[in-house]
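Remember, it's a predicted structure, so these values are computed and weren't measured experimentally. Order of the sequence lines sets the chain letters (A, B, ...), proteins ahead of strands, with each chain counted from 1.
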There are 2 protein chains.
Amino acid sequence: MPSVSPRRSVAATRETRQRILERGLAIASAEGLEGLTLGRLAADMAMSKAGVLGHFGTKESLQLAVVDAAAEVFSREVPGRVRQAPTGLPHIEAVCEAWVSYLERNVLPGGCFFTAATAEFDGRSGPVRDALAGMNALWRRDLRIHIRRAVSAGHLAPDTDVDQLIYEIVGIMLALNHFLQLEHDDQAPARARRALKRTLAGAVRS
Amino acid sequence: MPSVSPRRSVAATRETRQRILERGLAIASAEGLEGLTLGRLAADMAMSKAGVLGHFGTKESLQLAVVDAAAEVFSREVPGRVRQAPTGLPHIEAVCEAWVSYLERNVLPGGCFFTAATAEFDGRSGPVRDALAGMNALWRRDLRIHIRRAVSAGHLAPDTDVDQLIYEIVGIMLALNHFLQLEHDDQAPARARRALKRTLAGAVRS
DNA sequence: CCTACCGATCGGTAGG
DNA sequence: CCTACCGATCGGTAGG
């Protein structure tokens with residue numbers, strides 16, 4: 001007979017942890033990953049600071065967990081929505097459209113978490129910065145694979161500068177987040193789509 | 001006979017204030033405008049917190065003064081360097097080149113102050129956010145004027161979508177700052193120049 | 001420009 | 001998961 005019946009079941013604990021992370025991600029997207037304080041998060045959750053901290057140990061662990069939670073949301077909302085798209089250029093177009101749509105729908109109150117957190121931490125050092133850089137690198141790697149496939153399939157020109165194309169796509173997305181968050185410019189998604197169309201058209205095999 | 005001989009001359013006080021702002025701008029570009037704390041700034045300046053605060057009154061006033069100082073540096077380094085460029089497309093090209101060069105030379109340790117501060121404050125409200133939004137709007141207005149002149153001069157196509165062009169240029173610059181700060185990618189300036197060339201070429205009168 | 005404070009909040013710990 | 005703390009730091013003030 002196992003010594004069970006803890007105060008809270010493992011499942012309930014895990015659920016609380018997930019709720020904390022969802023709230024933390026929303027706060028961090030709008031107010032920054034450093035602005036996400038234990039006191040603020042605890043107040044939002046109607047918990048004590050110690051209760052929140054108990055799930056993570058340190059603030060840095062909380063920040064790393066929020067980065068992971070952000071990656072999960074992004075994966076679900078962008079690559080996760082286009083798995084059915086045909087390989088090559090159609091897949092790239094679908095990924096870009098899902099990305100624009102993700103920002104357009106304001107899934108997180110502060111826009112793209114990674115854009116905000118990266119700008120916040122790019123001048124620092126440590127595990128959080130490294131985790132953010134790693135996520136950015138992973139995402140670029142994903143893009144790179146799909147662009148290469150589009151070249152192999154003959155959709156894009158054989159001399160396509162893959163890193164140049166990634167650079168330009170990232171710029172279009174950074175601008176979209178910028179104009180949405182700072183100017184609340186509802187024409188920004190249309191501009192992003194136009195810019196993406198023009199940029200991809202310039203790389204199409206002629 | 002005026003009651004003069006204060007402890008410090010007006011000129012010396014102004015100079016100290018300027019030194020504080022220069023240091024504050026460097027800190028803020030790397031660690032954020034909120035991460036610029038009075039204690040940190042005072043320690044860097046080998047002054048007391050009260051000594052620093054005396055020049056500004058409140059932290060918010062310090063932040064607003066840093067925003068103004070950033071605008072002065074940017075004006076000097078970008079538009080200030082291309083006043084001799086001929087009106088129209090050559091002026092736009094010169095401005096973009098000065099902008100890339102400004103980021104390439106790492107004038108501020110954390111890259112573009114406005115990019116970092118805008119990302120930090122775009123989800124908030126208040127005078128600092130408003131000042132940053134105003135500076136962004138001023139700069140876009142400047143770009144818009146030069147693009148319109150290039151259209152009038154017949155350098156750019158008459159049906160040029162001015163705001164679309166601004167959007168794409170801003171995206172290229174945001175990406176430049178992103179890849180420089182996060183990846184220390186020394187190929188990023190070349191990519192920015194290539195993207196600018198392609199984008200402007202697409203708008204040239206055919 | 002300084003010293004000497006203030007209340008509030010920070011991340012974190014002890015103990016239950 | 002809580003209460004009750006801790007030392008450090010925050011922005012800011014008083015008084016000189």
Side-chain angles (χ1 to χ4, degrees), chain A residues 3-24 27-28 31-67 117 120-121 124-129, chain B residues 3-24 27-28 31-67 117 120-121 124-129:
Chain A
S3 66
V4 284
S5 82
R7 300 211 175 147
R8 300 260 173 160
S9 74
V10 172
T13 299
R14 200 149 38 186
E15 198 193 292
T16 301
R17 192 190 133 101
Q18 196 52 39
R19 274 178 47 240
I20 294 172
L21 284 175
E22 275 165 27
R23 198 74 262 287
I27 295 172
E31 298 171 37
L33 204 40
E34 206 64 64
L36 174 67
T37 69
L38 294 168
R40 165 76 201 281
L41 187 49
D44 270 36
M45 299 291 299
M47 285 173 64
S48 66
K49 288 198 302 175
V52 171
L53 196 58
H55 285 275
F56 305 97
T58 65
K59 174 159 183 183
E60 187 173 276
S61 295
L62 166 66
Q63 289 175 322
L64 291 169
V66 168
V67 171
E120 187 179 2
F121 278 79
R124 312 186 191 188
S125 58
V128 177
R129 191 219 131 97
Chain B
S3 65
V4 283
S5 80
R7 299 214 174 144
R8 300 260 174 158
S9 73
V10 173
T13 300
R14 201 148 38 183
E15 199 193 292
T16 301
R17 191 188 133 103
Q18 195 52 39
R19 276 178 45 239
I20 294 172
L21 285 175
E22 276 164 27
R23 197 76 262 283
I27 296 172
E31 299 171 37
L33 203 40
E34 205 64 64
L36 173 68
T37 69
L38 293 168
R40 166 74 201 278
L41 187 49
D44 270 35
M45 299 290 300
M47 285 172 64
S48 66
K49 287 199 304 174
V52 170
L53 196 58
H55 285 276
F56 305 97
T58 66
K59 172 157 186 184
E60 187 173 275
S61 295
L62 166 66
Q63 289 175 321
L64 291 169
V66 168
V67 171
E120 187 180 2
F121 277 79
R124 312 186 189 188
S125 58
V128 177
R129 190 220 132 95

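Among the protein residues, B:T16 comes within range of the sugar-phosphate backbone only, with heavy atoms under 4.0 Å from sugar or phosphate atoms but none that close to a base. Counting any heavy atom pair closer than 4.0 Å across all strands shown, A:T13 reaches no nucleic acid atom.
Looking only at side-chain heavy atoms (C-beta outward), A:L38 and A:F56 stay at 4.5 Å or farther from each other.
In this entry C:dT13 has D:dA4 as its Watson-Crick or G-U wobble partner, both defining distances falling under 3.5 Å.
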task: Report the C-alpha separation of B:E34 and B:R124 in whole Å, then their side-chain angles, then the decisive distance to 0.1 Å, and conclude whether the side-chain contact (heavy atoms from CB on, under 4.5 Å) test is met.
output: CA-CA 12 Å; B:E34 205 64 64; B:R124 312 186 189 188; 2.9 Å; yes
task: Please test A:Q18 against A:R14 for side-chain contact (heavy atoms from CB on, under 4.5 Å), starting from the C-alpha separation and ending with a verdict.
output: CA-CA 6 Å; A:Q18 196 52 39; A:R14 200 149 38 186; over 6 Å; no
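Counting to the nearest Å, the C1' atom of C:dC1 and the CZ atom of B:F56 are 14 Å from each other. For the pair B:K59 NZ and D:dT9 P, the interatomic distance rounds to 15 Å; values are reported in whole Å. Atom pair A:L38:CG and D:dC2:P shows a separation of 13 Å (rounding to whole Å applied). Separating the CD atom of B:E34 from the C1' atom of D:dT9 is a distance of 14 Å, rounded to the nearest angstrom. Remark: P of C:dC1 and CD1 of B:I20 are 6 Å apart, rounded to the nearest angstrom. For the pair A:L53 CG and C:dG15 C1', the computed distance is 15 Å after rounding to whole Å. Here the P atom of nucleotide C:dA8 and the CZ atom of A:R40 are 20 Å apart, to the nearest Å. Separating the CG atom of A:L33 from the P atom of C:dG11 is a distance of 12 Å, rounded to the nearest angstrom.
Heavy-atom minimum distance, A:E60 versus A:V128: CG-CG2, 3.9 Å.
Residue B:I27 is tested with B:L33, B:L41, B:T37, B:V66 for a side-chain contact (heavy atoms from CB on, under 4.5 Å); the sole match is B:L41.
A donor-acceptor contact under 3.5 Å links the side chain of B:K49 to the base of D:dG11.
Two residues, B:T37 and A:M47, neighbour DNA chain D, and the one matched to the more 5' nucleotide by heavy-atom proximity is A:M47.
OP1 or OP2 of C:dC2 lies within a sub-4.0 Å distance of a side-chain N or O belonging to B:S48.
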